[in-house]
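Below, chain A is the first sequence line, B the second, and so on; all start at residue 1.
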Protein chains: 2
Amino acid sequence: MKLAICSAPKGRPREFCVDEALAQALRVFWSKGYEGASLTDLTDAMGITRPSLYAAFGNKEALFRKALDLYEREKLCYMSQALDAPTARDVAERLLRGALEMQASDCEPRGCLRVISSVACGVEAESIRDEVIARRKSSMEALIKRFEQAEEAGELPDHMDAEGLAAYLGALLQGLSLQAGAGASREELERLVETSLAVWPTR
Amino acid sequence: MKLAICSAPKGRPREFCVDEALAQALRVFWSKGYEGASLTDLTDAMGITRPSLYAAFGNKEALFRKALDLYEREKLCYMSQALDAPTARDVAERLLRGALEMQASDCEPRGCLRVISSVACGVEAESIRDEVIARRKSSMEALIKRFEQAEEAGELPDHMDAEGLAAYLGALLQGLSLQAGAGASREELERLVETSLAVWPTR
DNA sequence: CAAGTTTCATAATGATCGGTATATAATCAC
DNA sequence: GTGATTATATACCGATCATTATGAAACTTG
């Protein structure tokens with residue numbers, strides 16, 4: 001009994017690489033947002049026709065979710081890695097510098113796909129918005145847990161709580177992404193990061 | 001020769017109040033963004049028909065600009081007032097608390113119209129986006145100037161520059177607006193503000 | 001009253017939106 | 001070869017987009 005894993009595909013073979021097409025779709029969503037990206041924008045960038053897109057990815061919303069998965073897997077991996085840093089300050093530094101490096105890249109869109117997908121929008125994008133907000137929430141909860149550890153380890157000043165510090169750092173990261181998306185230079189973003197690190201609270 | 005100022009209006013009188021209609025339009029743009037707000041959304045909220053809207057405001061883009069003017073005049077006035085505060089720290093406190101009070105209001109949309117209008121978008125909204133970004137830039141330049149004053153007054157730590165501090169505070173305010181727009185509670189926003197003030201750099 | 005002017009409501013414009021029906025082309029198993 | 005299956009390309013679908021043409025209604029002036 002043969003396993004299905006190596007079964008030869010039936011029918012006409014696909015003429016494009018799904019992963020490459022998805023990467024191109026990600027770039028479009030990243031630079032134009034979910035609503036701003038039309039199917040024409042997407043198919044043009046992906047180099048495929050509309051029926052091919054629908055056959056391979058379902059529909060626009062499903063395509064966005066797959067693109068968002070790819071984005072978080074490839075571009076936001078520094079965020080979960082940062083939590084392994086030894087101190088709360090090191091966590092913050094890794095997050096800020098990671099965001100800076102990503103936003104300062106010249107060959108990729110500016111701004112953060114999560115941030116631009118979580119702002120006000122028309123009705124068609126509300127479920128997308130809700131999902132992105134939920135994903136951010138779980139990221140923030142992980143950050144809060146990490147800062148609670150630091151709190152117990154006595155790293156934080158007495159009057160400072162883990163939730164407040166996480167919301168504070170999250171706001172800085174969101175602002176960094178917004179400013180990058182609005183065209184800030186690398187130097188400006190560096191100044192922002194250095195200032196943030198300079199004021200980071202130590203006990 | 002009579003002056004035109006007190007001339008009686010000819011023709012059929014307008015049946016709606018332009019200012020009230022503009023205020024309603026602002027609420028729609030504020031909660032849905034420029035692209036997310038359809039003309040049907042707008043005319044429904046304003047209680048007028050499409051031709052009336054075009055006769056009174058020009059077109060969708062001109063209506064948005066007038067709504068943005070109103071927004072900055074009525075909702076963002078605390079920002080310019082904050083610059084009069086005696087110290088850099090007081091400026092920051094007024095800005096953060098002013099943003100908090102505005103975002104915590106229950107009877108108005110959450111988030112900041114400037115922030116949601118400056119993110120990635122489709123082609124039709126690019127000129128809007130550019131204008132909003134330009135307006136924010138001039139606000140930031142005023143903040144930088146105010147912090148340069150503080151720098152000369154010796155208020156800032158030696159290794160800290162006005163531009164970096166302004167970008168830093170601006171990022172916090174942007175993050176605050178984003179989190180408010182994403183549904184953060186007043187308590188969460190308060191914690192964010194208190195943490196920001198607690199870490200504010202003093203010489 | 002009638003002429004002139006402006007706003008009103010209705011309905012239509014062409015363009016674009018996301019999504020598909022249809023037919024053809026390329027591969028498989030037999 | 002034939003039949004089944006899947007991907008391709010073209011063209012189309014109804015819905016919605018911002019904008020406007022049209023004509024009746026409401027007002028001022030003469």
Side-chain angles (χ1 to χ4, degrees), chain A residues 1-2 4-22 25 28-29 32-67 117 121-129, chain B residues 1-22 25 28-29 32-67 121-129:
Chain A
M1 192 174 177
K2 224 172 140 189
I5 295 176
C6 300
S7 72
K10 297 182 176 182
R12 180 173 174 173
R14 179 171 280 139
E15 294 179 0
F16 64 96
C17 171
V18 173
D19 290 339
E20 278 178 26
L22 183 60
V28 177
F29 283 129
K32 298 195 169 191
Y34 177 73
E35 289 177 301
S38 71
L39 277 179
T40 304
D41 293 330
L42 290 164
T43 51
D44 284 354
M46 299 165 83
I48 64 176
T49 61
R50 287 155 113 90
S52 297
L53 188 155
Y54 278 80
F57 301 101
N59 60 11
K60 188 186 177 184
E61 184 169 340
L63 174 63
F64 179 87
R65 288 190 148 81
K66 289 187 172 72
S117 306
C121 59
V123 281
E124 71 182 82
E126 275 174 2
S127 69
I128 294 281
R129 178 170 176 258
Chain B
M1 192 176 178
K2 226 170 138 192
L3 290 176
I5 294 176
C6 300
S7 71
K10 297 183 175 182
R12 178 172 176 174
R14 182 171 277 141
E15 295 178 1
F16 64 94
C17 170
V18 174
D19 290 339
E20 278 179 25
L22 183 60
V28 177
F29 283 130
K32 296 196 169 190
Y34 177 74
E35 289 177 301
S38 71
L39 277 180
T40 303
D41 294 330
L42 290 165
T43 52
D44 284 355
M46 300 165 82
I48 64 177
T49 61
R50 289 156 116 89
S52 298
L53 188 154
Y54 278 82
F57 301 101
N59 59 12
K60 187 184 179 185
E61 184 169 342
L63 175 63
F64 179 86
R65 288 189 147 83
K66 290 186 172 71
C121 58
V123 281
E124 71 182 81
E126 276 174 1
S127 69
I128 294 282
R129 178 169 177 259

Identified side chain to side chain contact (heavy atoms under 4.5 Å, CB included) counterpart of B:M46 within the set B:V18, B:V28, B:D41, B:L63: B:L63
Under 4.0 angstrom between A:R14 side-chain N/O and D:dA7 OP1 or OP2: yes
Between [Y] and [X], is there a side-chain heavy-atom distance shorter than 4.5 Å?
{"X": "A:I128", "Y": "A:R65", "value": "yes"}
{"X": "A:K60", "Y": "A:F29", "value": "yes"}
{"X": "B:Y54", "Y": "B:L39", "value": "yes"}

In whole Å, what is the span from the [atom1] atom of [X] to the [atom2] atom of [N]?
{"X": "A:L39", "N": "C:dG19", "atom1": "CG", "atom2": "P", "answer": "6 Å"}
{"X": "B:E15", "N": "D:dA26", "atom1": "CD", "atom2": "P", "answer": "8 Å"}
{"X": "A:E35", "N": "D:dC17", "atom1": "CD", "atom2": "P", "answer": "11 Å"}
{"X": "B:K10", "N": "D:dA25", "atom1": "NZ", "atom2": "C1'", "answer": "19 Å"}

Contact residues, residues 41-64 of chain B to DNA chain C [heavy atom, < 4.0 Å]: B:T49, B:P51, B:S52
Rounded distance [0.5 Å steps], CD1 in A:I48 versus CZ in A:F57: 5.5 Å
Sugar-phosphate, base or nothing in reach of B:E124, heavy atoms under 4.0 Å: nothing
A:R12 (side chain) and D:dT6 (base): donor-acceptor pair under 3.5 Å: no
Exam field: side chain B:E35 to backbone B:C121, donor-acceptor pair closer than 3.5 Å: no
